[in-house]
Protein chains: 2
Amino acid sequence: MADPAAQRTAPPASPLTTGPLARASGVAVSTLRFYERQGLLEPDGRSDGGYRQYSPDSVRRVRFIRRAQELGFTLREVREVLALSDEPGRIVLDDVAEQVSDKLAELDQRIADLRGVRAALALLVETGPVHPTCPVIDAIV
Amino acid sequence: MADPAAQRTAPPASPLTTGPLARASGVAVSTLRFYERQGLLEPDGRSDGGYRQYSPDSVRRVRFIRRAQELGFTLREVREVLALSDEPGRIVLDDVAEQVSDKLAELDQRIADLRGVRAALALLVETGPVHPTCPVIDAIV
DNA sequence: GTCGACCGTGAACCACGGTGCAGGGTCAAG
DNA sequence: CTTGACCCTGCACCGTGGTTCACGGTCGAC
Ligand SMILES: [Zn+2]
Ligand SMILES: [Zn+2]
Ligand SMILES: [Zn+2]
Ligand SMILES: [Zn+2]
């Protein structure tokens, strides 16, 4: 508004280079390049000098990758899901839904297992030294 | 009872060699030797020819290792827990209890996270093609 | 005693998820 | 124009959890 000539178009939301993206998303620069090699993250472009340029959205994308990993997805799975969600126009949401349904069943199983162990271990801690033969194995197997 | 001279002592419950143990516990022979290198599983002895001899209990032990792995424990953790449960006499059950308590907190966190994702993904599947920008990322991040 | 199935060793190799490094170019402030 | 921070590439390396291989010894049945 003060200088119409200076800022004609909307601010391009300054593209990030590797360092800033790494700091903003909490991973190492080497990890960003690794993710790129793995087909998980592609820069929007390159500067004249060859510097990678990422959109601010990439921060979300990287955080998504990390979060999904924490939750037990492999990078291969993350890549597949991201590839689907990257599809332009004709969204293969049925595919996503199917994948997601599969994952739901897995998650249910995993949660049930963990709850079982949790219960067994909690009981072990409560009741104290019950050790006829092998307390831990009995609790988990 | 038919021939008291032939079977004097109680049947020694035939020690297993690698092949039978592997088949009984559902892992590869190479995995058994790998577990031995990692200090998770030691044969009770060796035959004159150098064959490993395992007690039938080893089947339980190997299955325990696999189960614990499935549940997200690393082999290092499994080794520590097994080492504690292997302690003869003076059982350091306090240590076990402490380890187990730590693991309980982790499990709770993990279960909560997974339940969160489960809920988000289930909603996504129910409501169908809601794709303003990126359905999957929103569901998980 | 000979045969095939089984077992031993050490060492190399694999996938996964990264990290580190050398050697060199880029960019912005001064 | 120089300086220093930053970035590029390729390649080697790491820990974890195993698998595969070459070469050789053992075991039980015949
Ligand atoms: Zn690329
Ligand atoms: Zn027991
Ligand atoms: Zn050993
Ligand atoms: Zn979105």
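Fair warning: this is a prediction, and the values are worked out from it, not measured in the lab. In what follows, every chain begins at residue 1, and chains take the letters A, B, ... in the order their sequences are listed. These numbers come from the heavy atoms of this one structure, side chains and all, not from hydrogens, waters or symmetry mates.
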Integer-rounded Å distance: C/dC6 C1' and B/Leu21 CG: 15 Å
Salt bridge B/Glu36-B/Arg33, side-chain N to carboxylate O under 4.0 Å: no
Give every pair of a protein N or O atom and an N or O atom of nucleotides 1-5 of chain C that lie under 3.5 Å apart, one pair per line with the distance.
none

Residue B/Ser30, side-chain heavy atoms: nucleotide from C/dC27, D/dT19, C/dT19 that is nearest: D/dT19
Counterpart residues, side-chain hydrogen bond (donor to acceptor under 3.5 Å, both in side chains), relative to B/Asp57 (two or more places apart): none
Below 4.0 Å: OP1/OP2 of C/dG17 and any side-chain N or O of A/Arg33: no
Which atoms of nucleotides 13-16 of chain D (N or O only) lie under 3.5 Å from a protein N or O atom, and what are those distances?
from   : atom 1 : to      : atom 2 : distance (Å)
D/dT16 : OP1    : B/Arg76 : NH2    : 2.6

Given DNA chain D, 5'-ward residue of the pair B/Arg66 and B/Asp48, judged by closest heavy atom: B/Arg66
With A/Tyr51 via side-chain hydrogen bond (donor to acceptor under 3.5 Å, both in side chains) - residues at least two apart: none
Nearest to side-chain heavy atoms of B/Thr18, which nucleotide of C/dC7, D/dC7, C/dG18: C/dC7
Dot-bracket notation for DNA chain D, counting Watson-Crick and G-U pairs under 3.5 Å, with | for partners on another strand: ||||||||||||||||||||||||||||||
Proximal nucleotide (of C/dG17, C/dT19, D/dG17) relative to the A/Ala28 side chain: C/dT19
Residues which pass salt bridge (Lys or Arg N to Asp or Glu O under 4.0 Å) with A/Asp44, listed by chain and number, not counting sequence neighbours: none
Selected nucleotide, minimal atom distance to B/Arg46 side chain, candidates C/dT19, D/dT9, C/dT9: C/dT9
Closest-nucleotide 5' rank along DNA chain C - winner of A/Tyr35 and A/Gly49: A/Tyr35
